[in-house]
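Indexing begins at 1, ligand by ligand and atom by atom, following the structure's order. All values below come from the heavy atoms of this structure, side chains included, with hydrogens, waters and symmetry mates left out. The structure displayed is predicted, hence computed values, not measured ones.
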Amino acid sequence: MQATARAQPNIALVKYWGKRDSDRNLPAVDSLSLTLADLHTDMQVRFEDGLAHDELTLNAKPRPDLGARVSRCLDRVAGPGRSRARIDSHSNFPVGAGLASSASSFAALVVAGAAAAGRKASREELARLAGAESGSAARSLYGGIVELVNRDDTIDVGMLCSVDDWDLRVVVAVTDAGPKPVASGDAMELSRRTSPFYGRWIDEQPADMAAARAALTARDLDALGEVAEHNCLKMHSVMWASRPAMVYWNAATVNCLQTVRDLRRGGHGVFFTIDAGPQVKAICTPDHEDAVAAALAETAGVREVLRSRLGEGARLLGEAA
Ligand code: DP6
C-alpha cells in the first residue's frame, strides 16, 4: 500500500500555453520539452485505512493548501473509493517558482500512486493521468526530448530523442526563488479570454513544432534555438497583452537574456527559454556549459545557477510494498 517514485521537471522549448478543454485539462497546443536529470522530486504515497483526509507534506512541511489537486489526481489514479493517503514530497530545487515543480510532482505522484494502489498502468496511461492534473506533467513520464501531441479527445506523449542521442545541457539562472504571483492554469485562462494574440499563438504552433522537430533530426542547435526563443517570446507576448497584463519577468530576467545573446555573439552555441516565472534556462552543448554557467552567475540579479544534463522519465524507487 505504499510506494515512492522519482520524477524530474521538464523544460518546454515549444510551449504549452492554453487549454482546449479545461474540465479535462486538455492542452490547446502540442509541445516539445527536455526532461532534466539533476533536479528531482521524490514522492512517497502511503494509503492508510482510518485516515480522515489525505495528508500532504512538501519538504517535510504540511501543505493543506495544495492538497485538493493532489487528492483529485489520486482519485483518478486509484479510484474515488480509495483509502486516504499520506503523501510526502521532497524536491531538491525551488517549488512553485517557474521551475516546473508541478510537472515533476504530478509525474511522480501518478507513478507512486498507481504502484501503491496496485494498479498496473502503462507509461502512456500514466502520462495521461498526470496530464489530466497538470498538462506539462505528462511530458515528465518520458526522458530525453519529448513531444506531446493532441489527438481527438486525448493526448499522445512520446520520446523523440533519448538522453544518449543528443547530449544537451541546461543551465538555470535563478533570479527569484519566491512563489509565482499567478498559477499557470489561471494565467492561461486569462490569456485565452483577453489576449488579442491568443488566436495567432494557437494558429502558429504547428509550424513551430515542425521547425523544432526538423532541428532535432538535424541535431542543429542554432535552428532549435531560433524556434525555441521565438516560441518563448511569443508566449510571453500573449501574456503581456492579457488584461490585466501578466509579466513574470524581473530586471535580472532581462539581464540574463542579454548575457545569452552576448555569449552567442562571442561564438558560444546557446539559447534561452523562460516559463511562467522569472528564471532563465539556457540550453547548450557540453563544450559551452562552463562558459554559460560562469557568465550567468556573474549577471546582475542572478542568485543561483543550477546545471543539469538530460534525464530519464518518472520511475519507481524500489519496489512498492
Ligand atoms: C509555461 O502544466 O503548469 O511551463 O496544466 O494548468 O497545470 P496546468 O499548467 P502547467 O503549465 C506549464 C506552462 C509552461 C509551458 C510548458 O511547460 O509547456
List the steps and the verdict of salt bridge (charged side-chain N to carboxylate O under 4.0 Å, His left out) for Asp290 and Arg307. CA-CA 10 Å; Asp290 287 344; Arg307 297 176 183 218; 3.0 Å; yes
Using a 4.0 Å cut-off to any heavy atom of [X], which atoms of ligand 1 qualify?
{"X": "Lys15", "answer": "18 (O)"}
{"X": "Asn25", "answer": "5 (O)"}
{"X": "Ala276", "answer": "1 (C)"}
{"X": "Glu133", "answer": "7 (O)"}
{"X": "Ser102", "answer": "3 (O)"}
{"X": "Gly185", "answer": "6 (O)"}

Would you kindly confirm whether Phe47 and Ile87 end up in one hydrophobic cluster when ILVMFWY residues are joined by side chain heavy atoms under 4.5 Å apart? yes
Please assess Val254 against Gln258 for the test side-chain contact (heavy atoms from CB on, under 4.5 Å), listing each intermediate value before the final yes or no. CA-CA 6 Å; Val254 180; Gln258 197 52 49; 6.0 Å; no
Checking a contact table here: which protein heavy atom is nearest [atom], and how many Å away?
{"atom": "atom 2 (O) of ligand 1", "answer": "Ser136 OG, 2.6 Å"}
{"atom": "atom 18 (O) of ligand 1", "answer": "Tyr16 N, 2.8 Å"}
{"atom": "atom 16 (C) of ligand 1", "answer": "Arg139 NH2, 3.4 Å"}

Please work out which of Met188, Met235, Arg69, Lys19 has its closest non-hydrogen atom nearest to atom 6 (O) of ligand 1. Lys19
Restricting to heavy atoms, the pick from Leu13, Leu32, Asp275 nearest atom 1 (C) of ligand 1 would be Asp275
Side-chain donor-acceptor pair present, Asp287, Thr285, cut-off under 3.5 Å: yes
Looking at [Y] and [X], is any side-chain nitrogen of the basic one under 4.0 Å from a carboxylate oxygen of the acidic one?
{"X": "Asp38", "Y": "Arg309", "value": "no"}
{"X": "Lys15", "Y": "Asp208", "value": "no"}
{"X": "Arg128", "Y": "Asp156", "value": "yes"}

Backbone, side chain, both or neither: what part of Ser134 comes under 4.0 angstrom of ligand 1, heavy atoms only? both
Expected output: side-chain Arg6 to main-chain Leu317 donor-acceptor under 3.5 Å: no
dist His268:NE2 -> Asp262:CG (nearest 0.5 Å) comes out at 10.5 Å
Ala12 to ligand 1: N or O pair under 3.5 Å? no
